[in-house]
2 protein chains.
Amino acid sequence: MRLVIAQCSVDYAGRLAAHLPSARRLLIVKADGSVLVHSDGGSYKPLNWMSPPCTLKEEGQGGDALVWTVTNKAGEQLVIAIEEVFHDSAHELGVDPGLRKDGVESHLQALLAEQIETLGKGWRLIRREYPTPIGPVDILCRDAAGATVAVEIKRRGEIDGVEQLTRYLELLNRDPLLAPVRGVFAAQEIKPQARVLAVDRGITCAVLDYEVMRGRDDPSSRLF
Amino acid sequence: MRLVIAQCSVDYAGRLAAHLPSARRLLIVKADGSVLVHSDGGSYKPLNWMSPPCTLKEEGQGGDALVWTVTNKAGEQLVIAIEEVFHDSAHELGVDPGLRKDGVESHLQALLAEQIETLGKGWRLIRREYPTPIGPVDILCRDAAGATVAVEIKRRGEIDGVEQLTRYLELLNRDPLLAPVRGVFAAQEIKPQARVLAVDRGITCAVLDYEVMRGRDDPSSRLF
DNA sequence: CCGTAAATGTCGTCG
DNA sequence: CGACGACGTTTACGG
């Protein structure tokens with residue numbers, strides 16, 4: 001990894017065109033050739049960048065002036081005109097062992113499938129990821145009376161999720177072996193507008209308590 | 001901006017829990033206190049990070065060992081345990097003038113409004129960003145026969161966009177001065193599932209060629 | 001400040 | 001390799 005602090009201007013020509021006027025910035029060149037241009041604020045997103053795989057060509061322009069041209073397979077180009085370099089260092093980092101995550105939707109889905117009676121006493125799981133032509137339904141199950149229920153799970157329940165569940169319900173209800181199928185929209189948090197839309201469509205809302213569900217979980221299935 | 005190359009392990013506890021085993025990594029501390037943890041590969045996204053506003057607390061553990069604790073307003077924490085430091089430098093960068101973009105959806109919308117006959121001979125623009133209670137319709141126009149048409153524009157046409165247009169159409173069709181209103185889903189690229197859904201709902205799909213439209217553009221309206 | 005829509009989204013997963 | 005959905009999405013924009 002190479003770190004450069006430099007006064008530079010940047011142009012990107014690819015999926016769109018973008019331009020950065022001259023200023024002092026951090027340039028990062030990673031081992032895979034990718035380049036990031038960071039300012040001293042904003043957030044984790046660089047001002048500009050080129051994703052790997054790509055190649056960096058460095059050309060002198062006389063004096064301190066340099067031009068870096070970064071090109072990827074698709075022909076997208078990032079051109080960095082360097083006026084002055086204030087810092088330039090290289091470092092060996094090696095391969096990163098990578099990130100372990102816990103608490104995402106897939107885990108919520110696994111927990112709810114295990115503990116389907118969270119939604120109602122006597123409920124039984126049919127299957128997770130029940131396939132339909134427009135994609136899998138998170139959970140398909142039967143309530144105590146034997147009626148089919150489709151469950152859509154989100155970490156944060158917003159309008160999109162209600163739309164998604166609505167599409168599944170429309171499709172599932174065309175299947176005479178399953179119909180009538182009703183819907184449950186389950187999330188750790190449900191936005192007011194999503195709840196209004198769900199209720200308007202006859203969909204039940206269920207707020208899930210991740211910590212409680214995790215507490216009831218079989219510990220062998222935990223990540224760490 | 002401070003740049004540190006260090007052997008470190010990282011834990012994040014916030015919206016989810018995440019852990020990074022010990023490895024050599026780049027740590028960036030920006031002027032606003034935000035922290036990025038980068039490996040020597042991947043892409044522009046850090047392995048882990050804390051967005052501003054946040055505060056960094058640095059504590060010695062004896063020897064080279066250090067612990068950085070980064071906390072934000074919501075109580076989310078990023079804990080970086082540093083075993084060994086290989087590089088540590090600070091740099092003044094100043095405020096960045098920011099990025100200028102060209103070729104995003106707003107530009108596509110402007111071009112299509114200018115060249116509305118791309119969608120059909122004799123079509124006339126009513127207006128861009130036609131307001132409705134649930135948000136503005138990208139373009140409202142009339143076809144050669146004088147029938148109202150609502151156009152939703154995307155760079156990449158996916159299911160979300162069809163849903164969005166469907167909501168607009170439902171609303172617009174309640175207005176007796178406009179009804180019947182039909183829909184056109186216009187994008188540089190339309191995904192198969194989005195096309196299926198659109199056609200099923202009687203929405204016409206139109207694939208836009210940005211380069212061709214740009215060639216026909218009035219150059220005075222360009223950003224640069 | 002909240003809600004919605006866009007993004008050079010990026011990233012995983014599954015066909 | 002493409003399609004699809006999640007994301008600590010982040011970010012910009014409007015009310």
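Here is how names work: the chains are called A, B, and so on, in the same order as the sequence lines, proteins then strands, and each is numbered from 1.
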Next on the checklist: Under the criterion side-chain hydrogen bond (donor to acceptor under 3.5 Å, both in side chains), I'd like the reasoning laid out for A:S22 against A:Q7: C-alpha separation, chi angles, the key distance, then a yes or no.
Outcome noted: CA-CA 6 Å; A:S22 176; A:Q7 183 81 24; 2.9 Å; yes
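For CD of B:E59, the number of neighbouring non-hydrogen atoms (other residues, nucleotides, ligands) closer than 6.0 Å is greater than 12.
At the heavy-atom level, A:I159 lies under 4.0 Å from the strands shown only through sugar-phosphate atoms. Across all strands shown, B:Q77 has no heavy atoms under 4.0 Å from either base or sugar-phosphate atoms. If you check every strand for non-hydrogen atoms under 4.0 Å, B:Y44 touches sugar and phosphate atoms only.
One finds a side-chain N or O of B:Q164 lying less than 4.0 angstrom from the OP1 or OP2 phosphate oxygen of C:dA6. Checking the phosphate oxygens (OP1, OP2) of D:dT10, a side-chain nitrogen or oxygen of B:R15 falls inside 4.0 Å. Within the structure, a side-chain polar atom (N or O) of A:K45 is placed less than 4.0 Å from OP1 or OP2 of C:dT8. OP1 or OP2 of C:dA5 has at least one side-chain nitrogen or oxygen of B:R167 nearer than 4.0 Å.
In this structure, the side chain of B:S34 does not engage the main chain of B:K30 through any donor-acceptor pair within 3.5 Å. Side-chain atoms of B:N173 come within 3.5 Å of backbone N or O of B:V181 as a donor-acceptor pair. A donor-acceptor pair is defined here as one N or O able to donate and one able to accept, closer than 3.5 Å; no such pair exists between the side chain of A:E152 and the backbone of A:Q164. Within the 3.5 Å criterion, the main-chain N or O of B:L66 finds no donor-acceptor partner in the side chain of B:E58. With B:T148 contributing its side chain and B:L178 its backbone, the two residues share a donor-acceptor pair below 3.5 Å. The main-chain N or O of B:P136 is found under 3.5 Å from a side-chain atom of B:Y168 such that the two form a donor-acceptor pair. At least one donor-acceptor pair under 3.5 Å links the side chain of A:D138 to the backbone N or O of A:I153.
Note: CD (A:E163) to P (C:dA5) measures 10 Å, nearest angstrom. In this structure, the CG atom of A:D138 is 11 Å from the P atom of D:dG5, given to the nearest Å. Atom CD of B:E129 and atom P of C:dA5 are 12 Å apart (whole Å). Remark: C1' of D:dA6 and CG of A:L99 are 15 Å apart, rounded to the nearest angstrom. Distance NE2 (A:H38) to C1' (D:dT10): 13 Å, rounded to an integer number of Å. As rounded to whole Å, 12 Å separates atom C1' of D:dA6 from atom CZ of A:R156. Protein atom CZ of A:R100 is 20 Å distant from nucleotide atom P of C:dC11, rounded to whole Å. Here the C1' atom of nucleotide C:dT8 and the OH atom of B:Y210 are 13 Å apart, to the nearest Å.
When the C1' atom is used for both D:dG8 and C:dC14, the distance is 24 Å, rounded to whole Å. Using atom P as the reference point in both D:dA12 and C:dT10, the two lie 16 Å apart (nearest Å).
In this structure, of D:dA6, C:dG3, D:dG8, it is D:dA6 that holds the atom nearest to the side chain of A:E152. The nucleotide whose nearest atom lies closest to any side-chain atom of A:K154 is, among D:dA6, C:dA5, C:dT8, D:dA6. Checking D:dA6, C:dA5, D:dG8 against the side-chain heavy atoms of A:K101 singles out D:dG8 as nearest.
With the nearest nucleotide of DNA chain C identified for both B:S43 and B:S106, B:S106 has the one nearer the 5' end.
Ion pairing of B:R25 with A:D96 is present here, as a side-chain N (NZ or NE/NH1/NH2) and a carboxylate O approach within less than 4.0 Å.
Residue pairs meeting the ring-ring contact (aromatic ring centres under 6.0 Å, His included) criterion with at least one member in residues 180-212 of chain B, sequence neighbours excluded: B:H107-B:Y210.
Every stem involving DNA chain D, taken as at least 3 paired positions in a row under the Watson-Crick or G-U wobble test at 3.5 Å, is listed here: C:1-7 with D:9-15, C:9-15 with D:1-7.
Taking every heavy atom of residues 46-55 of chain B and every atom of DNA chain D, pairs under 4.0 Å involve B:N48, B:W49, B:M50, by number.
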